[in-house]
Amino acid sequence: MSASRRVQQWLTFTRQWWLFDAKWQDPFESAKVINKHLKGAHKPIFGGHADCGDHVVVINSQDIAMRGDEWYYRVYFHHTGYPGGATWTKAWELHKKDPTMIIWKACYRDLEKDLTRRGRMQRLHIFKDSNIPKDIIQNITDQIPQLRTVPKRLKDYSQEEIEKFPKLFDYPKEHVLD
Amino acid sequence: MARITSPLWFGLKNLISKPAIGNLRVKPHLTLTQKSLSTTCACKVKQITVNEVDDKIVIEGKVVPSPREKYLAKLPTNPTGCKECPLCRLGLTVRHTDVLIISQFVNSKGKQLPREVTGLCREKHKRMDYLIVMAEKAGLIDREVERKVVHNGLTYYEPEEWDEPHFHKYYDETVIDEFLYSRRKRH
């Protein structure tokens with residue numbers, strides 16, 4: 001067995017730590033990728049009896065993006081148990097109170113509903129900023145690639161970059177600039 | 001079909017008989033009186049500047065060399081399909097995050113330039129219209145859009161601008177095909 005194959009075998013039987021940057025990411029698309037690593041479904045020994053799940057550290061959860069007006073029509077339901085105790089909170093209201101909540105709920109909902117769910121959720125660590133405590137950041141070995149590229153605003157480009165970008169058409173002679 | 005200069009003239013033509021029109025004093029056509037005759041382009045102006053110098057307002061039209069002349073993209077000489085539109089010739093599929101391309105089709109106030117200036121085909125022009133709105137709503141470009149509407153003494157706002165904070169949004173461009181080519185069922 002070569003050295004690289006041996007390391008691969010060690011990694012399958014340990015709990016690895018993955019980093020995921022949630023900046024401009026859809027929480028419901030990224031929950032599927034995170035859950036794959038929480039279950040250990042990317043490993044060859046994955047099966048019903050194998051406890052091979054990994055840790056995932058999610059950062060920048062306050063900068064997640066949702067499609068269109070989904071912030072305003074996605075609603076989270078909660079009932080206290082008492083009569084008249086039902087509440088409906090919109091996604092932007094929930095995100096204002098706790099910016100880590102939406103990703104947590106998306107992962108919790110996407111996992112299988114059995115006894116393994118609580119244990120797997122314990123291995124998910126969500127932070128709203130990029131400030132991670134030292135005892136967590138020293139474990140991280142690799143990162144999960146982002147699903148969509150982070151867009152850049154027009155303000156963030158310099159004036160030279162905007163001017164020198166290739167133009168698709170020229171103004172006609174009788175054009176009045178405004 | 002003759003040009004209709006005013007609704008009054010249009011009404012008279014149909015209602016009153018021809019000799020009666022002759023007795024009325026109607027404005028002459030605007031062709032000779034107001035339009036100036038010129039051999040060169042009458043409005044060959046690039047930039048209009050307005051300066052206020054004590055008790056005087058000076059409006060000046062300057063011919064300015066266009067800033068885009070140096071950086072024009074090379075379009076293919078033998079295109080397939082649409083031969084006029086620059087987007088079709090290059091075969092570009094523009095997304096709403098391509099801010100540097102979208103900002104070329106927009107004037108300083110953020111309004112879309114007309115088709116005679118940009119040279120886009122009708123389909124791409126409409127598609128670009130949607131892309132500009134998407135980029136503006138995602139907060140990638142800035143526009144001077146009036147969200148407040150005053151009507152009958154009441155003010156109306158767009159729902160996004162009430163109290164909610166502006167979180168990150170993204171859009172899916174495949175929706176544009178739905179808008180353009182298929183009737184959408186709304187409930």
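Every chain is numbered from 1 and lettered A, B, ... according to where its sequence line falls, protein lines coming before strand lines.
- Annotation: maximal heavy-atom pairing with chain A below 4.5 Å, among B:I141, B:L92, B:V117, B:T97, occurs at B:V117.
- B:A138 touches chain A through its backbone: at least one of N, CA, C or O sits under 4.5 Å from a heavy atom, while the side chain does not.
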Can you give the donor-acceptor pairs under 3.5 Å from side chains of residues 145-157 of chain A to other protein atoms, not counting sequence neighbours?
| from | atom 1 | to | atom 2 | distance (Å) |
| --- | --- | --- | --- | --- |
| A:Q146 | NE2 | A:D21 | O | 3.0 |
| A:R153 | NE | B:G139 | O | 2.9 |

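- In this structure A:R15 satisfies the salt bridge (charged side-chain N to carboxylate O under 4.0 Å, His left out) test together with A:D51, sequence neighbours excluded.
- B:D98 does not touch chain A: none of its heavy atoms, backbone or side chain, sits under 4.5 Å away.
- When each of B:L140, B:D172, B:L100, B:V99 is scored by its heavy-atom pairs under 4.5 Å with chain A, the top score falls to B:L100.
- Contact check on B:K137 versus A:D69 returns no salt bridge, with no Lys/Arg side-chain nitrogen under 4.0 Å from an Asp/Glu carboxylate oxygen.
- Scanning all heavy atoms of the two residues, the minimum distance from B:Q104 to B:L113 falls at O-CD1, 3.9 Å.
- Here the closest non-hydrogen pair linking A:W71 and B:H168 is NE1-O, 2.9 Å.
- Considering only heavy-atom pairs separated by less than 4.5 Å from chain A, the leading option among B:L87, B:L90, B:N107, B:L72 is B:L72.
- B:T118 touches chain A through backbone and side chain together, each having a heavy atom under 4.5 Å away.
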